[in-house]
Amino acid sequence: MSPSVLKVFNSYTRKKEEFIPITPGHVGMYVCGPTVSGESHLGHARPFITFDFIYRYLLHLGYKVRYVRNITDAGHFEEEGREAEDKIAKKAVLEKLEPMELVQKYTNLFHWAMHQFNNLDPSIEPTATGHIVEQIVMIEKIIAEGYAYVVNGSVYFDVKKYAAHYPYGKLSGRILDDLLETTRDLDGQDEKHNRQDFALWKAAPEEHIMRWKSPWGEGFPGWHIECSAMSTKYLGEEFDIHGGGMDLQFPHHESEIAQSTICNKHVPARYWLHNNMITLNGKKMGKSYGNQIMLTQMFSGDHPLLQQAYSPMTIRFFILQTHYRSTLDFGNEALQGAEKGLKRLWEAYDVLKKLEPGPGAAADAGLDTRVNKLLLEFDEFMNDDFNTAKVLANMFELTPVINSIRSGHIAPGALSAATLQTLKTYFYNYLEKIFGLKDESAADDNKLTGVVDLLIEIRKDARKRKDYATSDKIRNQLQQLGIVLKDEKDGGVSYTFA
RNA sequence: GGUCUCGUGGCCGAGUGGCUAGGCAGAGCUCUGCAAAAGCUUCUACAGCAGUUCGAAUCUGCUCGAGACCUCCA
């Protein structure tokens with residue numbers, strides 16, 4: 001079988017393309033991070049888990065990856081054209097907190113959630129407020145190039161002029177004329193030459209707390225410029241992958257492209273990857289829809305729509321079971337299905353780790369071949385635009401094989417030693433290294449496992465004496481504590497912590 | 001209104017012309033002191049209509065339905 005190459009769906013060209021990094025062996029990846037003006041909800045989990053397994057897969061392929069994910073802590077306009085209220089400043093007033101205190105609080109919470117999900121930390125996590133100077137420099141350059149204009153201390157990007165020379169709207173499939181017709185009629189837009197122009201810098205009104213000095217007076221940066229400035233600074237004028245949610249395609253990413261094209265003469269990234277949304281009853285989960293479930297609520301189960309708590313790994317697995325470019329509908333039944341499926345898969349993985357190869361060559365050549373084929377497909381599926389769903393399907397097909405070897409339905413020597421080793425390697429690589437799943441059920445307390453082991457010994461003795469009352473008592477009481485005992489056929493006992 | 005996407009069995013979801021997706025739930029059987037787990041077997045699909053084709057969930061058209069973006073948004 002010829003080794004397949006990584007192909008990714010590029011939103012910019014709307015095609016699956018072979019992934020070829022600009023610098024061989026190295027990958028620069030920028031992913032739009034959170035706005036830390038509030039708590040993260042379930043929808044936010046999707047992009048960060050998605051780009052985490054993409055990051056992990058690139059590492060697995062042997063690339064040196066610089067993964068940059070920003071923290072948007074400068075806030076944007078709540079309602080453009082109106083009083084230009086800074087989202088973060090406004091909330092801070094409500095909660096009577098310093099803006100940076102609020103930013104820190106939600107940044108910490110975000111980091112905590114990311115670690116719950118076992119997401120790897122990005123290589124660099126720059127903040128918008130820490131890069132005001134870079135943003136100002138970039139804006140000056142755009143003005144110098146003639147693609148931005150200053151009005152009353154604010155700076156706007158001239159989209160109309162840009163569109164006359166460059167393919168504006170290519171990423172989002174938009175036509176400028178359509179935008180002209182359909183852009184909402186908002187108040188106070190008189191500053192802009194054209195409605196679709198966007199702010200690079202906004203003059204800060206008196207009450208605005210977050211403000212910085214600039215050549216145009218005191219103000220704060222527009223939303224899109226931060227990503228352009230920070231990606232350019234850390235990844236260069238042209239880098240490999242730019243990621244984010246599909247809802248950022250327009251206007252955010254389209255604007256980034258315009259800014260970078262003027263400043264750097266390049267579309268910033270070669271491959272644009274966008275994950276789809278998590279929906280609730282078919283509707284996108286989001287603040288404005290009022291249908292969001294916070295991550296802390298997911299983990300605790302404390303929400304009217306939740307029948308139970310769902311662990312971070314359950315959510316991660318739930319997301320992995322779907323292709324990242326498909327919408328994923330939230331539901332208790334679906335989450336519970338994911339929880340059980342993950343448990344079954346993980347238990348088989350635990351069994352696999354302990355399997356010893358049988359003597360000699362594969363006793364069942366047909367099975368041996370089938371197992372190898374399923375394993376090799378893992379790489380093919382991942383190379384085909386990160387099809388984690390198909391990899392997991394193959395894992396589930398291998399699960400009965402693993403369990404059958406353990407239970408004796410399949411002879412231990414049915415698989416060759418080499419195949420068994422490959423099986424172990426692939427499961428480790430995919431489950432732990434690439435998919436980033438981890439065991440949540442394990443007790444992290446040696447004393448506890450010692451006590452459980454002791455109880456199991458006592459129960460074994462009881463069963464030998466056919467003292468089932470005692471043995472059942474031990475099993476039932478432990479179960480009430482969330483420790484589930486299973487009698488194996490070979491006389492052993494395994495247990496899991498709920 | 002404009003642009004675009006989607007509609008798969010009880011639930012979640014793979015899948016771009018022919019071959020079983022997979023998970024969860026349900027049913028039966030085997031194993032087991034009992035239970036749990038596991039193994040084996042099994043029931044529900046491709047929104048509707050028409051067309052292209054030897055053959056379509058997969059291509060085309062229409063109808064119905066849902067959603068996304070056009071404003072902050074993962």
Side-chain angles (χ1 to χ4, degrees), chain A residues 14 31-35 37 40-51 72 75-81 87 169 172-175 177-184 186 196 223 243-252 274-279 281-289 292 317-318 321-323 325-345 347-348 351 381 387-397 399-404 406-410 463 466-468 471-472 475-476 479 484-489 494-496:
Chain A
R14 285 149 211 243
V31 174
C32 291
T35 302
S37 62
S40 298
H41 59 76
L42 179 60
H44 293 114
R46 186 111 193 241
F48 304 126
I49 287 173
T50 297
F51 288 99
T72 298
H76 310 306
F77 318 139
E78 193 89 80
E79 286 177 287
E80 200 174 5
K87 211 198 269 182
S172 55
R174 235 153 273 263
I175 298 161
D177 289 344
D178 291 341
L179 288 172
L180 285 171
E181 286 172 17
T182 62
T183 300
R184 273 216 232 149
L186 298 169
Q196 71 286 351
W223 174 32
M246 270 184 187
D247 50 351
L248 295 181
Q249 250 175 268
F250 189 90
H252 185 53
H274 291 101
N275 63 277
N276 216 318
M277 302 291 106
I278 287 183
T279 57
N281 294 323
K283 280 218 171 61
K284 174 184 168 183
M285 192 176 286
K287 222 176 239 181
S288 32
Y289 297 84
Q292 60 207 336
F317 185 76
F318 181 61
Q321 268 192 308
T322 307
H323 187 92
R325 284 193 291 113
S326 299
T327 55
L328 171 57
D329 202 47
F330 163 88
N332 280 287
E333 248 187 295
L335 261 311
Q336 284 157 12
E339 183 180 77
K340 286 186 182 168
L342 173 60
K343 184 165 178 268
R344 180 170 138 83
L345 192 58
E347 282 177 10
V351 167
F381 293 156
N387 199 328
T388 56
K390 286 189 107 174
V391 173
L392 286 173
N394 271 22
M395 285 188 157
F396 276 111
E397 290 213 42
T399 296
V401 175
I402 293 166
N403 285 329
S404 293
R406 201 274 282 277
S407 69
H409 284 96
I410 294 177
R463 292 182 69 207
K466 296 200 191 294
D467 177 5
Y468 296 123
S471 86
D472 287 352
R475 187 176 64 197
N476 293 339
Q479 187 160 18
V484 182
L485 300 190
K486 286 190 290 187
D487 295 318
E488 306 297 347
K489 277 189 104 176
S494 66
Y495 57 88
T496 53

- Query: Roughly how far, to the nearest 0.5 Å, is OG1 of A:Thr327 from CG of A:Asn275?
  - Reply: 11.5 Å
- Between B:G10 and B:A35, how far apart are the C1' atoms? Round to whole Å, please. 27 Å
- Query: Closest nucleotide of RNA chain B for A:Asn394 versus for A:Gly43: which of these residues is on the 5' side?
  - Reply: A:Asn394
- Given that both pair distances must be under 3.5 Å and the pair must be Watson-Crick or G-U, what runs of three or more consecutive pairs involve RNA chain B? B:1-7 with B:64-70, B:10-12 with B:22-24, B:26-30 with B:38-42, B:47-51 with B:59-63
- Task: Determine the contact category for A:Leu328: base if any of its heavy atoms lies under 4.0 Å from a base atom, sugar-phosphate if only primed atoms, P, OP1 or OP2 are that close, otherwise nothing.
- Result: sugar-phosphate
- Message: With a cut-off of less than 4.0 Å, is there a side-chain N or O of A:Lys284 near OP1 or OP2 of B:C69?
- Response: yes
- Message: At 4.0 Å (heavy atoms only), tell me whether A:Ser288 reaches a base, stays on the sugar-phosphate, or touches nothing.
- Response: base
- Item | Atom pair OG1 (A:Thr50) and CG (A:Leu328), whose distance is rounded to the nearest 0.5 Å | 9.5 Å
- Could you run through nucleotides 28-40 of chain B and give me one letter per nucleotide, 5' to 3': B if any protein heavy atom sits under 4.0 Å from the base, S if only the sugar-phosphate is that close, - if neither? ---S-BBBBSSSS
- Note on the structure: Ranking B:C12, B:G10, B:A14 by distance to the side chain of A:Ser326, first place goes to B:A14
- Message: Just so I know, are the side chains of A:His44 and A:Pro34 near enough to count as touching, which here means a heavy-atom distance under 4.5 Å?
- Response: no
- Can you tell me, in whole Å, how much space there is between the C1' of B:C54 and that of B:A14? 28 Å
- Message: Tell me the interatomic distance from A:Leu392, atom CG, to B:C24, atom P, rounded to whole angstroms.
- Response: 12 Å
- Query: Looking only at side-chain N and O atoms, does A:Tyr289 come under 4.0 Å of OP1 or OP2 in B:U71?
  - Reply: no
- Message: What is the separation between atom CG on A:Asp247 and atom P on B:G67, rounded to the nearest whole Å?
- Response: 17 Å
- Separation between the P atoms of B:A50 and B:A21, rounded to whole Å: 25 Å
- Protein-nucleotide distance (A:His274, atom NE2; B:U5, atom P), rounded to Å: 16 Å
- Item | Options B:A14, B:C12, B:G10, nucleotide nearest the side-chain atoms of A:Asp329 | B:C12
- When all nucleic acid strands are considered with a 4.0 Å heavy-atom cut-off, which category describes A:Met285: base, sugar-phosphate, or nothing? base
- Message: Does any part of the side chain of A:Arg46, heavy atoms only, come nearer than 4.5 Å to the side chain of A:Met277, both counted from C-beta?
- Response: no
- Interatomic distance where CD belongs to A:Glu333 and P belongs to B:G10 [whole Å]: 11 Å
- Item | Separation of atom CD in A:Gln321 from atom C1' in B:G22, rounded to whole Å | 8 Å
- Item | Any A:Lys287 side-chain heavy atom under 4.5 Å of A:Gln292 side chain | yes
- Message: Using the P atom as the point on both nucleotides, what is the distance between B:G13 and B:G7, in whole Å?
- Response: 11 Å
- Query: In whole angstrom, what separates A:His323's NE2 from B:U8's P?
  - Reply: 18 Å
- C1' spacing across the pair B:G15 / B:G23, given as an integer number of angstrom: 15 Å
- Query: Between A:Leu345 and A:Thr399, is any pair of side-chain heavy atoms under 4.5 Å apart?
  - Reply: yes
- Task: Would you indicate what A:Ala334 reaches in the nucleic acid, counting non-hydrogen atoms under 4.0 angstrom: base, sugar-phosphate, or nothing?
- Result: sugar-phosphate
- Taking only the side-chain heavy atoms of A:Lys340 (C-beta and beyond), determine which of B:A14, B:C11, B:C24 contains the nearest atom. B:C24
- Query: OP1, OP2 of B:G67 versus side-chain N and O of A:Asn276: anything below 4.0 Å?
  - Reply: no
- Query: Rounding to a whole Å, what distance do you find between A:Asn387:CG and B:G13:C1'?
  - Reply: 11 Å
- Task: Considering only atom P, compute the distance from B:U42 to B:U20 and round it to an integer number of Å.
- Result: 13 Å
- When you compare B:G39 with B:C46, how far apart are their C1' atoms, in angstrom units rounded to a whole number? 30 Å
- Can you check whether A:Thr50 has a side-chain N or O nearer than 4.0 Å to OP1 or OP2 of B:A74? no
- State plainly whether the residues A:Lys343 and A:Glu339 are in salt-bridge range, i.e. N to O under 4.0 Å. no
- Looking at every strand, decide which applies to A:Met277 at a 4.0 Å heavy-atom threshold: base, sugar-phosphate, or nothing. base
- Item | A:Glu347 with A:Lys486: basic N within carboxylate O range, under 4.0 Å | yes
- Query: Donor-acceptor pair, A:Ser471 side chain versus A:Tyr468 backbone, under 3.5 Å?
  - Reply: yes
- Message: Does B:G67 have its OP1 or OP2 closer than 4.0 Å to a side-chain nitrogen or oxygen of A:Lys283?
- Response: yes
- What is the distance, rounded to the nearest whole Å, between atom CZ of A:Phe250 and atom P of B:C69? 13 Å
- How far does the P atom of B:A56 sit from the matching atom of B:C49, given to the nearest Å? 14 Å
- Task: Classify the nucleic acid contact of A:Ser40 as base, sugar-phosphate or nothing, counting any heavy atom under 4.0 Å across all strands shown.
- Result: nothing
